[in-house]
Amino acid sequence: MEFKRHLVTAALPYANGPVHIGHLAGCYLPADIYVRYQRAQKRDVKFICGSDEHGVPITIRAMREGVTPQDVVDKYNTIIKDSFDGMGISFDIYSRTSNPTHKETSQAFFKKLYDDGAFEERESEQYYDAEKDVFLADRYIVGTCPVCANPNAYGDQCEKCGSTLSPEQLINPRSALSNSPLVKKPTTHWYFPLNKYEDFLKEWIVVGKKDEWKSNVYGQCKSWLDSGLQPRAMTRDSSWGVPVPLPGANGKVLYVWFDAPIGYISATKELTNQWADYWCQENTKLVHFIGKDNIVFHCIIFPAMLKAHGGFVLPENVPANEFLNIEGEKVSTSRNWAVWVDEYLKDFPDQQDALRYVLCANAPESKDNDFTWKDFQDRVNNELSAVLGNFENRAFVLMHKLCKGRVPALHADAMNEMDNALIADIKDAKTKVENAIEGYKFREGLAEVIDLARKGNKYLQDNAPWTLAKTPELQEQNQKRIDICMHLCLQLTANLAILLNPFLPYTATKMCKKMKVVPRMLDWENAGRIDLLKVNYPLLAPELLFRKIEDEEVTAQVEKLRENLKKATQQIVENKPTTVSEAETPLAVAKETITFDDFAKIDLRVGTILKAEKVEKADKLLKLEVDMGTEVRTIVSGIALHFAPEEIIGKQVSVVANLAPRKMRGIESNGMILMAQNADGKLIFVSPLQTADNGSEVK
RNA sequence: GGCGAGGUAGCUCAGUUGGUUAGAGCACAGGAUUCAUAACCCUGAGGUCGGGAGUUCAAAUCUCCUCCUCGCUACCA
């Protein structure tokens with residue numbers, strides 16, 4: 001299909017923290033390159049983004065910092081927006097989901113689905129904080145992690161050990177708001193029956209996008225579809241978010257993953273009255289740039305929502321990137337292991353393109369990649385500066401030395417094979433870069449541009465105009481060759497500016513200024529031409545496009561990372577909220593004081609492990625037979641990652657004997673083995689130092 | 001445990017429907033050169049394509065098994 005319009009979105013960043021370079025490499029930079037290219041092609045394109053400002057983590061941060069959720073999102077919206085501006089991410093609009101337009105749009109969307117009977121209304125028991133009179137989202141529930149004993153795990157996840165949890169699994173669950181114990185109360189929510197859209201999604205993705213979408217995206221979607229979709233609640237009990245537009249739905253808001261993607265639509269509405277052309281006309285090419293963590297929402301849920309609503313185009317492609325690690329380790333906001341964009345811009349003023357270059361050249365397009373400062377330095381110094389910057393500089397310097405600072409003529413009568421080969425290379429480069437960008441292979445596209453500069457260097461070397469200039473007796477005929485050589489080098493430079501423009505716009509603009517040409521020269525149709533600079537046209541003096549990155553800068557940045565990590569870790573230990581992290585869990589915080597009677601309720605006994613075996617289909621579980629003196633009990637313990645079954649047989653251990661039984665993997669567990677856990681996560685049995693009788697009481 | 005994506009030179013990655021001595025850039029070594037940001041240009045060394053088995057005249061590429069990394073998911077006192 002011939003597309004008349006292009007609608008490009010980049011994932012809405014979540015407004016509870018700044019953006020780091022992993023975000024840039026993941027979707028914003030590729031999206032920007034793609035959009036800048038489309039603009040240079042003079043295609044009708046809109047580039048949409050904005051802050052995602054709803055959801056529970058924001059309210060938690062607000063609570064912790066003693067400010068309102070609006071304060072939180074205002075703060076980070078500004079930081080994020082400035083970071084994007086600073087890096088030249090050229091959104092047509094950067095909106096936010098707390099805007100009135102978004103409220104209207106997402107409510108209308110919900111209402112339409114509701115009126116069409118697209119939702120299923122369901123009542124369920126939800127945790128409720130009686131003191132504060134609110135239902136609690138999983139995130140609002142804290143308790144001790146059953147896996148790592150972190151006392152401040154959330155109801156959906158333990159941030160210390162990374163386990164996925166449900167509130168039921170927490171030990172001593174309580175409300176994060178009031179610290180009071182939880183009660184369960186019925187509440188009504190609207191569920192979107194994703195299962196009803198399975199056939200449509202399978203046809204559309206599994207059949208239709210097989211060879212079109214990236215393998216990581218396609219595979220992920222197929223996996224979801226094969227395992228079957230479930231209805232998903234599209235509303236939540238909360239005061240922060242878009243209110244559910246139904247009578248009697250007080251205290252209910254749209255689920256953040258329902259409203260966030262609609263944010264793309266609302267932002268487009270804010271941008272232009274013609275928004276419907278972009279969202280509803282068949283011949284629009286919609287492309288979502290995201291990170292791999294967003295695949296299911298953009299490929300499954302949102303398309304199903306759009307389909308249910310009707311009248312919207314579906315994404316043509318969803319080129320999701322993988323993750324970018326830093327210095328060999330995963331990015332962690334809570335440990336402050338990240339390179340923040342706002343800080344980069346301060347530490348490396350005017351070096352946007354250096355970072356854009358490295359992040360694109362090393363983008364995690366097909367698998368997780370690693371960003372190291374050493375690699376940053378190497379790539380900037382040895383590729384960007386040495387090959388591209390140096391060629392451009394050579395062309396300018398030589399032109400001033402040998403051609404009086406003016407574009408020399410292209411003498412047709414003296415042209416040779418080398419010249420024609422270079423001209424062919426220039427034309428080829430256009431096609432190559434074009435194909436790469438259209439195929440979302442930005443790394444390859446950028447490499448093609450550098451490669452063209454490399455060919456320029458070789459061409460210069462082979463022609464060596466500086467040598468030709470050294471033989472005055474042959475001046476006349478030599479000057480012709482010099483002219484041709486420099487003419488082509490300068491035309492090549494102009495071509496480089498065009499090809500480079502989507503990737504490194506700051507550099508392309510600088511080059512235009514030095515060549516004294518208008519920005520219109522950067523139009524894509526001009527690529528491949530060798531008449532971009534007029535003969536006899538005077539150009540400005542040489543000036544370096546890139547500077548080298550010094551060793552000290554690299555060391556300083558690595559040092560900074562380690563310092564940040566150290567500080568963040570200390571803060572976690574001291575249980576002080578850090579400024580950059582979202583949810584901190586101290587390693588070991590003293591629990592509240594209990595009375596002797598409380599303690600006396602626990603029946604602690606000594607027992608000996610008689611048998612131990614792995615539980616089928618569970619990584620962490622061991623099934624133990626423990627001799628308690630009067631009886632042998634079955635206890636299931638989550639220690640399989642730490643101990644082999646055979647090595648613990650015969651060990652004497654302390655057991656909580658009166659813990660309510662619980663079934664795990666179909667096996668009833670009658671008690672709990674006490675373990676000590678080091679800061680590094682290693683488990684140690686809490687055992688009597690000398691052998692005690694089985695069944696003896698521990699007090 | 002299930003599913004998905006990866007595992008190719010020291011590093012970052014290409015390798016189309018199985019077909020000649022497996023490619024590129026960076027780093028490294030040697031050479032040449034001086035117009036240029038000690039840059040560029042030439043040459044070279046460097047890989048049993050994660051491991052094993054199989055299909056085939058022929059496997060990095062197809063099949064099966066296995067190990068490692070990342071992600072999703074289940075289980076998780």
Side-chain angles (χ1 to χ4, degrees), chain A residues 144-149 158 161 163-166 169-171 214-224 226-227 291-293 295-296 320 322-323 325 330 358 361-370 372 374-375 378-379 381-387 389-402 441 443-444 447 450-451 453-454 456-470 482 485-486 489 542 544-548 614-622 635-641 655-656 659-662 664-666 669-675:
Chain A
T144 301
C145 172
V147 179
C148 72
C158 172
C161 68
S163 308
T164 312
L165 304 171
S166 73
Q169 297 172 304
L170 292 174
I171 306 163
K214 289 169 66 169
S215 58
N216 57 340
V217 179
Y218 181 84
Q220 188 69 221
C221 292
K222 192 164 179 303
S223 167
W224 272 78
D226 286 348
S227 59
K292 68 170 160 182
D293 49 335
I295 289 174
V296 63
E322 302 279 305
F323 289 150
N325 294 333
K330 274 193 275 186
V358 175
N362 189 27
E365 284 178 5
S366 54
K367 63 173 186 191
D368 289 359
N369 265 356
D370 198 26
T372 67
K374 178 76 177 74
D375 183 60
D378 283 348
R379 285 185 186 273
N381 292 357
N382 303 330
E383 295 171 19
L384 189 58
S385 305
V387 178
N390 187 40
F391 171 74
E392 191 263 8
N393 191 237
R394 295 172 88 180
F396 264 74
V397 169
L398 285 169
M399 183 265 305
H400 275 88
K401 285 191 179 167
L402 308 178
K441 292 176 183 168
R443 210 167 45 193
E444 186 184 312
I450 297 294
D451 200 49
R454 186 171 282 118
N457 273 319
K458 179 162 168 50
Y459 174 79
L460 260 186
Q461 203 68 30
D462 292 346
N463 282 281
W466 52 88
T467 309
L468 294 177
K470 277 180 189 156
I482 293 174
C485 176
M486 293 322 300
C489 281
L544 296 183
L545 285 177
F546 308 105
R547 73 166 179 82
K548 299 241 166 178
K614 283 259 322 172
V615 175
E616 290 266 327
K617 295 190 174 183
D619 294 341
K620 297 173 185 168
L621 295 186
L622 289 185
I635 296 177
V636 178
S637 186
I639 56 175
L641 293 180
V655 177
V656 181
L659 197 67
R662 175 159 166 166
M664 277 174 286
R665 274 276 153 202
S669 179
N670 297 284
M672 172 174 150
I673 311 286
L674 293 186
M675 307 293 296

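Please read all numbers here as calculations on a predicted model, not as lab measurements.
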>> For a salt bridge (charged side-chain N to carboxylate O under 4.0 Å, His left out) check, start with the C-alpha distance between A:Glu322 and A:Lys367, then their side-chain angles and the critical distance, and finish with the verdict.
In response: CA-CA 5 Å; A:Glu322 302 279 305; A:Lys367 63 173 186 191; over 6 Å; no

> Can you tell me the Watson-Crick or wobble partner of B:G47, both distances under 3.5 angstrom?
Replying inline: none

> How far does the P atom of B:U48 sit from the matching atom of B:G1, given to the nearest Å?
Replying inline: 31 Å

> Distance check: side-chain N/O of A:Lys470 vs OP1/OP2 of B:C35, anything under 4.0 Å?
Replying inline: yes

> When the nearest nucleotide of RNA chain B is assigned to A:Asp378 and to A:Ala361 on a heavy-atom basis, which residue is associated with the more 5' position?
Replying inline: A:Ala361

>> Does a side-chain N or O of A:Lys458 approach OP1 or OP2 of B:C42 to a distance below 4.0 Å, or not?
In response: yes

> For the side chain of A:Trp466, counting heavy atoms from C-beta on, which of B:U37, B:U34, B:A27 is nearest?
Replying inline: B:U34

>> So if I take every side-chain heavy atom of A:Asn362 and compare against B:U12, B:C35, B:G25, which nucleotide ends up nearest?
In response: B:U12

> In the strands shown, is B:G25 matched to any nucleotide by a Watson-Crick or G-U wobble pair with both distances under 3.5 Å, and which?
Replying inline: B:C11

Below 3.5 Å between N/O atoms, which protein atoms pair up with nucleotides 2-4 of chain B? Just atom names and distances, please.
{"unit_1": "B:C3", "atom_1": "O2'", "unit_2": "A:Ser223", "atom_2": "OG", "d": "2.6"}
{"unit_1": "B:G4", "atom_1": "O2'", "unit_2": "A:Gln220", "atom_2": "N", "d": "3.3"}

> At what distance, to the nearest 0.5 angstrom, does CE of A:Met486 lie from CG of A:Leu402?
Replying inline: 7.0 Å

>> On the nucleotide B:G71, are OP1 or OP2 found under 4.0 Å from the side-chain N or O atoms that A:Lys330 carries?
In response: yes

>> Return the pairing partner of B:C3 with a 3.5 Å limit on both distances, Watson-Crick or G-U wobble; otherwise return none.
In response: B:G71

> Taking the P atom of each, how far is B:G51 from B:G7, in whole Å?
Replying inline: 13 Å

> What nucleotide among B:C40, B:A27, B:C35 has an atom nearest to a side-chain atom of A:Asn457?
Replying inline: B:C40

>> With a cut-off of less than 4.0 Å, is there a side-chain N or O of A:Ser385 near OP1 or OP2 of B:A36?
In response: no

> Starting at the 5' end of RNA chain B and moving along, which residue's nearest nucleotide shows up first, A:Thr467 or A:Leu544?
Replying inline: A:Thr467

> Under 4.0 Å between a side-chain N or O of A:Arg394 and OP1 or OP2 of B:U37?
Replying inline: no

> If you look at every strand shown and take non-hydrogen atoms under 4.0 Å, does A:Asn390 touch a base, only sugar-phosphate, or nothing?
Replying inline: base

>> Just N and O in the side chain of A:Arg454: are any of them under 4.0 Å from OP1 or OP2 of B:A39?
In response: no

> Quantified in whole Å, what is the P atom distance between nucleotide B:U63 and nucleotide B:U56?
Replying inline: 16 Å

> Reckon A:Arg547 touches a base, only the sugar-phosphate, or nothing at all at heavy-atom distances under 4.0 Å?
Replying inline: nothing

> Does B:U37 have OP1 or OP2 sitting under 4.0 Å from an N or O in the side chain of A:Asn381?
Replying inline: no

> Touch check for A:Phe396, heavy atoms < 4.0 angstrom, all strands: base, sugar-phosphate only, or nothing?
Replying inline: nothing

